[in-house]
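For reference, positions follow the sequence shown, starting with 1. Note that ligands are numbered from 1 as they come in the structure, with each ligand's atoms numbered from 1 the same way.
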Amino acid sequence: MATYVIADIHGEYEMFMKMLQKIGLGEEDTLYVLGDIVDRGPQPVELLMELMDMPNAEVILGNHELMAFDCLDFLSQEITEETVAKLSAETIGKFRSWQENGGGTTVAGFRRLGSEARGDVIDFLKDFLLYEELEVEGKRFVLVHAAPTGVLSGKPLEEHGPSELVWERPDYSRCYFPDKYLVTGHMPTLGIEDNPRPGYIYRANNHIAIDCGACFEGGRLACLCLETDEEFYVERDE
Ligand SMILES: [Mn+2]
């Protein structure tokens, strides 16, 4: 029985399937997906459908799911005079900023689905966890997409709302939880200053950063086993 964490797959369905093979995920194992499943890469909706069918996958919200969710509900409606009239400046603004952040592949995949499957995708997105706390082999972990904004100023983790957990880049020079490891995605380790191994899992001050930039040139998909601390990687051209 092993516990794995992965993050920021961003539509890289093929790389994800290779990773499942590589770690040999069994029925007794659990895979936590720390958000940003959708957008950027070529097959985000296929990836969502795959995860939906995996009984041992636990999905945690990312900023890209948050952006998608706001818009997909609207997109799945029939286009009528009434729905067009409801197209507020706010909705249009949200849609535009999502598209500027790589939402195109998610919209394309969503459009290919029938109405029942669209409903299933939206229901699935509604059920994403905001974060998870775990104890594995005596070590405690907080799994969350990005930095919990208020923790450093004393706000309890459980009082954070969705948008307070998915946007902020962690400050790796500070320790958020002295007695727990903070495992996050969101910030590709390619871009972490002073990272001796850009593009691989990064550790400092009880942080474990696992977004290794699967959808970016020079990046790869990473997965970490919490029991053994073993790191697994799938290269972009593997
Ligand atoms: Mn993110």
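- If you check the side chains of E227 and T3, you find a donor sitting under 3.5 Å from an acceptor.
- The salt bridge (Lys or Arg N to Asp or Glu O under 4.0 Å) test with E238 is passed by exactly one of R220, K22, K18: K22.
- Within 6.0 Å of atom CD in E158, more than 12 heavy atoms from other residues, nucleotides or ligands are found, so the atom counts as buried in its surroundings.
- With a cut-off of 2.8 Å, the protein N/O/S atoms near the Mn ion (ligand 1) add up to 4.
- Using a 4.0 Å cut-off between charged nitrogen and carboxylate oxygen, E90 and K94 count as a salt-bridge pair.
- Between the side chains of H145 and N63, at least one donor-acceptor pair of N or O atoms lies under 3.5 Å.
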The test is side-chain contact (heavy atoms from CB on, under 4.5 Å); show your working for V234 and E12 and say whether it passes. CA-CA 11 Å; V234 170; E12 297 291 350; over 6 Å; no

